[in-house]
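A short worksheet on the structure shown next.
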Amino acid sequence: MAEASRWHRGGAPKPNLHYRKEVEIRTTLQELSLYFLFLINLCILTFGMVNPHMYYLNKVMSSLFLDTSVPGDERTNFKSIRSITDFWKFMEGPLLEGLYWDAWYTNKMYNLKNSRIYYENILLGVPRVRQLKVRNNTCKAFSSFQSMMSECYDRYTSSNEDTSDFGLQQETEWKYSTPNSSSPWHWGFVGVYRNGGFIFTLSKSKSETKNKFINLRLNSWITRGTRVIFIDFSLYNANVNLFCIIRLVAEFPATGGIITSWQFYSVKLLRYVSYYDYIIASCEITFCIFIIVFTTQEAQKIREFKSAYFKSVWNWLELLLLVLCFVAVSFNIYCNIQIFLLLGELLQNTEKYSDFYFLAYWYIYYNNVIAITIFFAWIKIFKFISFNKTMSQLSSTLSRCLKDIVGFAIMFFIIFFAYAQLGFLVFGSQVDDFSTFQNAIFAQFRIVLGDFNFAGIQQASRILGPMYFITFIFFVFFVLLNMFLAIINDTYSEVKADYSIGRRPDFELGKMIKKSYNNALQKLRLKKPQKDEDNKGMKDFTEQARREDFDENEIQSAEQMKKWKERLEKKYYSAEIEDDYQPVTQQEFRDGTTTKHRVIPSERLTK
């Protein structure tokens, strides 16, 4: 276990060991206090980025555009789209009704420049619909079937993409638009799709948009070569100062049918509006100051210890945390610059599509980096693991059984991956949980936790299904997991036994904190000094012995035995470093154990 302080690094002992230990502990307390200030500042910063209204805004929008059914067909909504007919029903029904709110709930019409979804959310610009296609004859058919297939459309790749115009070429939605290099690609269920394609934007008028949908449907804008259609639009809610960027995706796999997915991003692009936002801004400045201080400290350590610096796991954690902090700062600067450059331009042009997806994409990545950063920031607290006995026992247990756990993990994952490949090959074509090798791995972790679909496995294979399930439960759940628990349990028992006989870590921060606390109470006269308490305890011991009719020789002998016992325990069972030990001499042992007088029983005095 790495030491908590930068002073605790070994080397030649100092002449004054007690002074060195005091400096060491005091330095660690300073580091711990500074780090807690950094952690509190980081928590305020991260929680200030998250607004509880983000969840409710996403929930409201998803309910409107995903769960609203087609009029007269309660089973058809965006989630249940399975054919091109269902897709056009959704476009001309729930999507159209959800985007254009031009009347109050009393059917009173009102005229606004922008639609107000649920009367509170302003539709920014106009929505955009984008399609990506693949060329004909991009796949190879078996020779015996070539005469039966005049057209063949492979899955989507950038090399298979169809960039030629088609249909009514006098209109823009039938012409190919080149992709923007700065826009991120979309990772769907079937493929990874780039920007560009056949694009058209909706109108401000609900009737014009509906006529456009009918025109596209009648002229077969969706063809056999269509592989994906994106529906993008953005909203702004001034009540909670949040932007909601929505993307509805309909993928057309080469197998036929439609697979739907969606993305709802609620982000706070206008950062500094309220007084609380300015508090967050001050925390951001403080965060940068902490990074500079910690970077300077780590640079000094590397220059002082050179290659020995990289032998400690905690030093690697320090470097990882610093790298994450710098990445988070870089993301923050980049996002603020892009928002400053693009937000005004996007808001001014209300007749075109406003691509807020680009801003939301990088903002979400920035949020993810901050989340990972604060996770490792909390993990770093274990560097000060000697704060108390319980945490020290946990740290010692994990460090001692690390080699055994690594050996066990190799054996465990050999068996685990063997079962995952077996399940993928046997059930992959029929059970969704085993449809891919990655899904098979996660499905087996779910089986270990008690979440499984035995009926689907049994239906896929009536012989191999039960055999796979029973043997997996037996070997992985009953044997391997219990072996893992036994390794940790045995190591913990050993550590606890060592602690019970006094083999504790040399460096205990808890004692120093307790000592400082007692000193502060003594200075404030809220507690008597320790020597006075010891003298008072010895005086009470003597007075009680005299009341019990013991003579003076017996009392002196008992006092001597008590002092000898305390010194012996202090020398052999204390947590001080070995350099401070001084052996008990034979004369001291003889004086404490050989006495001519009767020893006063402690049980009798405490009655």
Side-chain angles (χ1 to χ4, degrees), residues 58-59 61-99 127-134 136 138-139 149 151-157 160-162 166-167 173 186-193 197-200 202 209-210 212-233 246-264 427-436 438-439 443 453 455-456 459-460:
N58 286 340
K59 184 178 181 181
M61 292 299 113
S62 62
S63 176
L64 176 62
F65 292 103
L66 301 181
D67 299 329
T68 303
S69 301
V70 176
D73 188 356
E74 297 298 329
R75 294 179 299 176
T76 303
N77 52 33
F78 185 78
K79 293 181 178 179
S80 63
I81 292 176
R82 294 297 178 265
S83 65
I84 298 177
T85 303
D86 294 340
F87 179 81
W88 285 118
K89 286 182 179 180
F90 168 78
M91 296 288 283
E92 299 174 19
L95 179 65
L96 198 65
E97 297 296 330
L99 289 175
R128 183 186 70 177
V129 181
R130 180 168 63 94
Q131 175 187 188
L132 293 176
K133 301 173 55 180
V134 296
N136 187 16
T138 51
C139 54
M149 300 185 63
E151 295 178 338
C152 182
Y153 298 90
D154 197 3
R155 60 186 180 88
Y156 175 85
T157 60
N160 293 339
E161 186 176 355
D162 187 4
F166 72 107
E173 55 265 26
H186 180 86
W187 189 3
F189 286 116
V190 181
V192 180
Y193 309 98
F198 301 91
I199 303 173
F200 72 91
L202 306 187
T209 301
K210 186 172 183 179
K212 182 181 285 289
F213 285 160
I214 295 174
N215 181 50
L216 293 174
R217 173 169 56 85
L218 295 178
N219 290 280
S220 301
W221 187 68
I222 300 177
T223 66
R224 286 188 58 191
T226 301
R227 286 295 171 260
V228 65
I229 295 178
F230 298 96
I231 306 171
D232 297 303
F233 54 97
I246 301 173
R247 167 168 285 186
L248 307 179
V249 184
E251 296 181 74
F252 297 73
T255 57
I258 299 178
I259 300 175
T260 57
S261 59
W262 48 88
Q263 291 178 343
F264 291 82
F427 317 118
S429 60
Q430 301 182 52
V431 182
D432 179 64
D433 291 341
F434 294 86
S435 58
T436 63
Q438 295 86 347
N439 288 349
N453 181 17
Q459 186 177 3

Kindly indicate whether the side chain of Tyr153, heavy atoms from C-beta on, has any atom under 4.5 Å from the side chain of Thr223. no

Is any side-chain heavy atom of Leu95 closer than 4.5 Å to a side-chain heavy atom of Phe78? no

Ala254 and Asp154 have their tightest heavy-atom pair at CB-C, 4.4 Å

Between Phe264 and Phe65, does the ring centroid distance fall short of 6.0 Å? no

Nearest 0.5 angstrom please: Ile258 CD1 to Arg82 CZ, how far? 9.0 Å

Report the C-alpha separation of Phe427 and Asp433 in whole Å, then their side-chain angles, then the decisive distance to 0.1 Å, and conclude whether the side chain to side chain contact (heavy atoms under 4.5 Å, CB included) test is met. CA-CA 9 Å; Phe427 317 118; Asp433 291 341; over 6 Å; no

Closest non-hydrogen atom pair between Phe198 and Glu173, with its separation: CB-O, 3.6 Å

Member of Val192, Val228, Thr226, Val134 meeting the side-chain contact (heavy atoms from CB on, under 4.5 Å) criterion with Tyr156: Val134

Does the plane of the ring in Phe230 sit parallel, tilted or perpendicular to the ring in Tyr193? Use 30° and 60° as the thresholds. perpendicular

Residue pair Ile259 / Pro253, side-chain heavy-atom distance below 4.5 Å: yes

Are Lys79 and Leu66 side-chain neighbours, meaning at least one heavy-atom pair lies under 4.5 Å? yes

Nearest non-hydrogen partners of Asn77 and Thr68, listed with the distance: CB-O, 3.2 Å

Interatomic distance, CG@Asp432 vs CG@Asn453, rounded to 0.5 Å, equals 9.5 Å

Any side-chain heavy-atom pair of Ser62 and Asp67 under 4.5 Å: no

I'd like to check Thr260 versus Phe90 (side-chain heavy atoms, cut-off strictly below 4.5 Å). Are they in contact? no

Taking atom NZ of Lys210 and atom CG of Leu202, what is their separation to the nearest 0.5 Å? 14.0 Å

What distance separates Ile222 CD1 from Asn219 CG, expressed to the nearest 0.5 Å? 12.5 Å

With a 4.5 Å heavy-atom cut-off, do Ile229 and Val129 have their side chains touching? yes

Within-4.5 Å side-chain heavy-atom neighbours: His186 and Glu251: no

Heavy atoms only: give me the nearest Leu99-Pro127 pair and the separation to one decimal. CD1-CG, 3.7 Å

Would you give the length of the straight line joining atom NZ of Lys89 to atom OG1 of Thr76, rounded to the nearest 0.5 angstrom? 5.5 Å

If you round to the nearest 0.5 Å, how far is CZ of Arg128 from CD1 of Ile199? 5.0 Å

Closest approach of Phe213 to Met91 (non-hydrogen atoms, all atoms of both residues): CE1-O, 3.2 Å

